[in-house]
Structure formats: C-alpha cells, structure tokens
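Each remark here refers to the structure printed beneath this line.
Fair warning: this is a prediction, and the values are worked out from it, not measured in the lab.
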Amino acid sequence: VQLQASGGGLVQAGGSLRLSCAASGLTFSGNAVGWFRQAPGKEREFVATRTWNGLKQYYSKSVAGRFTLSRDVVKNTVALQMNSLKPEDTAVYYCAAVRGSSDTYAYYTAARNYDYWGQGTQVTVSS
C-alpha cells in the first residue's frame, strides 16, 4: 500500500483547504483511510477517518462540523475538505490507512492501529 498526501498550504483563519490522499493497494471494504496531524511540540492526534466503503466515518471533536471526508472512486483518493480553519489547525497532516476493521471509535482514532502512512503535508493557518 502506498499513500500520497497533497494539498497543504498557507491560509488565513476562516479559510478553506482541501487535502487529498491517493491510495494504491487498498482492496478490502474493511480498510479505512484517515488523517492525523501533528503540531510542533505536540503528539500526533486523530483528525478523521473513513472506511473505504463509506459505512463508517469518524471525526475528532475539534474538527467535527468543519472538516468533511469524501472518496473519489475513479481517482482512488480520499479527500479532507477543511473549512472555517483556525490557527490551532496548523500542523503537519498525515494520511494513514488501516487493514483491519472494528465497530469502535477508539480503534479508528488510535494511530498505533494504522498500518501505512504517507508523507506529511503542512497546513498553516494565519490569524
């Protein structure tokens, strides 16, 4: 499995960005593709995840209502639309994929359960 993240950049508070994760090698409906982020001096934290079949989607409380996941079947990508961005959203964003499946939020929000990681993409939100 290979993951390629793109779409980061610099935006003013209140603006929007769209991140994209191109995933190759994912063929099972139980797979999930998600996003984590890491700000300087902080631990990596869960942002959002979506199973490949779209039946499960989870968002962290800090982004729920502002960020939305979607999948482009033709391009085999998962996008993270980020609206109403805040300075505290500034971080390196990582795309990740997990082979397993679960019915629990805790499973999908734990970085240790993810098997594959893409390179990070920087998101900077200015105030």
Side-chain angles (χ1 to χ4, degrees):
V1 175
Q2 292 186 333
L3 303 174
Q4 180 72 36
S6 61
L10 173 64
V11 66
Q12 289 187 334
S16 298
L17 279 175
R18 186 177 180 87
L19 304 183
S20 181
C21 179
S24 60
L26 291 176
T27 58
F28 304 111
S29 61
N31 287 134
V33 176
W35 293 88
F36 289 76
R37 66 187 182 186
Q38 188 165 18
K42 295 187 177 181
E43 294 185 354
R44 190 168 297 190
E45 67 169 347
F46 168 76
V47 176
T49 197
R50 180 188 189 279
T51 53
W52 208 236
N53 57 18
L55 295 181
K56 300 183 181 73
Q57 292 195 43
Y58 301 102
Y59 297 88
S60 69
K61 291 182 180 180
S62 61
V63 307
R66 299 188 297 123
F67 292 10
T68 304
L69 286 166
S70 62
R71 178 188 173 192
D72 186 318
V73 177
V74 174
K75 296 181 179 179
N76 210 34
T77 60
V78 173
L80 181 68
Q81 178 66 40
M82 305 186 296
N83 299 327
S84 302
L85 283 161
K86 305 174 181 180
E88 51 263 44
D89 294 318
T90 295
V92 177
Y93 283 70
Y94 296 91
C95 173
V98 57
R99 291 195 304 261
S101 63
S102 172
D103 291 329
T104 68
Y105 175 83
Y107 176 84
Y108 288 105
T109 60
R112 66 179 180 275
N113 292 326
Y114 284 73
D115 304 289
Y116 309 102
W117 292 83
Q119 89 290 359
T121 185
Q122 177 71 47
V123 171
T124 303
V125 184
S126 63
S127 58

Are the side chain of [X] and the backbone N or O of [Y] linked by a donor-acceptor pair below 3.5 Å?
X: Gln38; Y: Ala91; result: no
X: Ser20; Y: Ala79; result: no
X: Asn83; Y: Ser16; result: no
X: Arg50; Y: Ser70; result: no

Out of curiosity, [X] [atom1] to [Y] [atom2], how far, rounded to the nearest 0.5 Å?
X: Thr49; Y: Asn113; atom1: OG1; atom2: CG; value: 10.5 Å
X: Arg44; Y: Arg112; atom1: CZ; atom2: CZ; value: 14.5 Å
X: Tyr116; Y: Ser24; atom1: OH; atom2: OG; value: 10.5 Å
X: Leu10; Y: Thr124; atom1: CG; atom2: OG1; value: 6.0 Å
X: Tyr58; Y: Leu69; atom1: OH; atom2: CG; value: 12.5 Å
X: Gln81; Y: Thr68; atom1: CD; atom2: OG1; value: 7.0 Å

Quick check: closest heavy atoms across [X] and [Y], and the distance to 0.1 Å?
X: Val33; Y: Cys95; answer: CG1-SG, 4.0 Å
X: Ser101; Y: Tyr108; answer: CA-OH, 3.4 Å
X: Asp115; Y: Arg99; answer: OD2-N, 2.7 Å
X: Trp35; Y: Leu80; answer: NE1-CB, 3.6 Å

Could you tell me whether the side chain of [Y] reaches within less than 4.5 Å of the side chain of [X], counting heavy atoms only?
X: Trp117; Y: Leu3; answer: no
X: Arg66; Y: Asp89; answer: yes
X: Lys56; Y: Asp103; answer: yes
X: Tyr94; Y: Val47; answer: no
X: Arg37; Y: Leu19; answer: no

TODO: Please state whether the rings of Phe46 and Tyr105 are parallel, tilted or perpendicular, taking 30° and 60° as the class boundaries.
DONE: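 Phe46 and Tyr105: perpendicular rings.
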Task: Any pair counted as side-chain hydrogen bond (donor to acceptor under 3.5 Å, both in side chains), so long as it reaches residues 4-13, sequence neighbours left out - done: none
TODO: Please say whether more than 12 non-hydrogen atoms of neighbouring residues, nucleotides or ligands are located less than 6.0 Å from CD in Gln122.
DONE: yes
- [ ] Tell me whether the centres of the aromatic rings in Tyr114 and Phe36 are closer together than 6.0 Å.
- [x] yes
